[in-house]
There are 2 protein chains.
Amino acid sequence: MKRDKYTENIQSQMRKGSLEFVILLIISRKAIYAADMLKELKKYELIVVEGTLYPLLNRLKSSGAVEYQWKESKSGPPRKYYKLTSKGKKLLDALLLNWNNLNQSINALIQSYEKNNSR
Amino acid sequence: MKRDKYTENIQSQMRKGSLEFVILLIISRKAIYAADMLKELKKYELIVVEGTLYPLLNRLKSSGAVEYQWKESKSGPPRKYYKLTSKGKKLLDALLLNWNNLNQSINALIQSYEKNNSR
DNA sequence: CAGAGTACTTTGCAAAGCAAGGTTAAATAT
DNA sequence: ATATTTAACCTTGCTTTGCAAAGTACTCTG
């Protein structure tokens, strides 16, 4: 396996790991449907494809973290507008805490790395 | 699936995603062998088990990011002391950049979440 | 040499990302 | 009105990978 491929692979894993978290954050702001989530993610350079997003949304749905309403569209089939449930809000809060902890651990490690490399 | 299980699952995914990165950071500080890596990870509350770590180290090895030297031990079988190769250093630098980007994106999202929830 | 402790390896299962292809509905073109 | 295009959403199959559990191998102690 080439190094570049491998680098990309690890990077995509880092993205993956925080995907549920990011999706919940996006949904928390306002009700939104899948295709618009994809655009939003692209803005943040968190590239995701349909085949990843739809199953993920279904998992969130069946876990009770999100719910959706069908809404008509003027230009195509109806859309599922997702929003957080109260369960979803609790989940998001737990993930925020978790994110902060992970961040602290990694930043501590990064600092000792930078020290060893004379800034 | 219960919410708690699901929460844990997502959290463990977030850990997973940054695992290679964290391992590289730890190895970058000084040559170290697997069992001590596990202790180190525990200090940072990034729990990992053997069945995860050893295959991961082998993947890093065969991608050329790390190399190891056998060293005798006074209390058991010999140990593989891992250290970064120059390839590994480049990989780590790329991951550092990637980490910073991901961090920025997520922090931007978190900020707009906190705004909507009136701090 | 038997048992305990330490270190590394392997196997098998399950979760999940992703490419590719499919279905359905509305709008537009012919 | 039929065909094509576009927008949404869904599904299948492959592959990767984390992890529990069991296995191998080496050293030291009694």
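Fair warning: this is a prediction, and the values are worked out from it, not measured in the lab. Below, chains carry the letters A, B, ... as their sequence lines are ordered, and counting in each starts from 1.
Backbone-only contact: A:Gln13 has heavy atoms under 4.0 Å from sugar-phosphate atoms and none from a base.
Counting to the nearest Å, the P atom of D:dT17 and the CD atom of A:Gln11 are 14 Å from each other. The nearest whole Å value for the distance from the CG atom in A:Leu38 to the P atom in C:dA19 is 12 Å. One interatomic measurement links the two molecules: CG of B:Leu60 to P of D:dT17, which rounds to 11 Å at whole-angstrom precision. Taking atom CD1 on B:Ile32 and atom P on C:dA7, their separation rounds to 12 Å, with Å as the unit. Between B:Lys39 atom NZ and C:dC8 atom P there is a gap of 11 Å when expressed in whole angstrom units. Atom CG of A:Leu57 and atom P of C:dA16 are 14 Å apart (whole Å). D:dT17 atom P lies 9 Å from atom CG of B:Leu56, rounded to whole Å. Taking atom CG of residue B:Asp36 and atom P of nucleotide C:dA7, one finds them 7 Å apart after rounding to whole Å.
Summary of the strand contacts: A:Arg79 and A:Thr52 both lie near DNA chain D, and taking for each the nucleotide with the nearest heavy atom, the more 5' one is attributed to A:Arg79.
Residues B:Lys90 and B:Asp93 are not paired through a salt bridge, judged by the lack of any N-O separation under 4.0 Å between the basic side chain and the carboxylate. Residues A:Lys80 and A:Glu67 are not paired through a salt bridge, judged by the lack of any N-O separation under 4.0 Å between the basic side chain and the carboxylate.
For the pair B:Asn58 and C:dT10, the criterion of a side-chain N or O lying under 4.0 Å from OP1 or OP2 is not met. Proximity of B:Tyr54 to the phosphate of C:dC8: a side-chain N or O atom is located under 4.0 Å from OP1 or OP2. At the phosphate of C:dG17, OP1 or OP2 sits under 4.0 Å from a side-chain N or O atom of A:Arg59. Taking 4.0 angstrom as the limit, A:Asn9 places a side-chain polar atom (N or O) nearer than this to OP1 or OP2 of D:dT17. OP1 and OP2 of C:dC8 both lie 4.0 Å or more from every side-chain N or O belonging to B:Tyr33.
In this structure the side chain of B:Glu20 reaches within 4.5 angstrom of the side chain of B:Leu56, judged on heavy atoms. B:Leu41 has its side chain within reach of B:Ile23: a pair of non-hydrogen atoms, C-beta onward, lies under 4.5 Å apart.
Under the salt bridge (charged side-chain N to carboxylate O under 4.0 Å, His left out) criterion, B:Lys30 pairs with no residue, sequence neighbours left out. Looking at residues two or more places apart in sequence or on another chain, you find no side-chain hydrogen bond (donor to acceptor under 3.5 Å, both in side chains) involving A:Asn100.
Residues B:Tyr33 make up the rest of the hydrophobic cluster containing B:Tyr81, defined by ILVMFWY side-chain heavy atoms closer than 4.5 Å, directly or through other members.
The side chain to side chain donor-acceptor pair (under 3.5 Å) contacts involving residues 50-59 of chain B comprise nothing, where partners must be two or more places apart or lie in separate chains.
Counting only distance, with no hydrogens or angles, the side chain of A:Thr85 and the backbone of A:Gly88 share a donor-acceptor pair below 3.5 Å. The closest donor-acceptor contact from the side chain of A:Asn107 to the backbone of A:Asn103 lies under 3.5 Å.
Closest contact between the side chain of A:Val49 and the listed nucleotides C:dT9, D:dT17, C:dC18 involves C:dC18.
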- Base-contact (B) and sugar-phosphate-only (S) positions in nucleotides 25-30 of chain D, heavy-atom cut-off under 4.0 Å, - elsewhere: BBSS--
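Contacts of residues 18-25 of chain B with DNA chain C (heavy atom under 4.0 Å): none.
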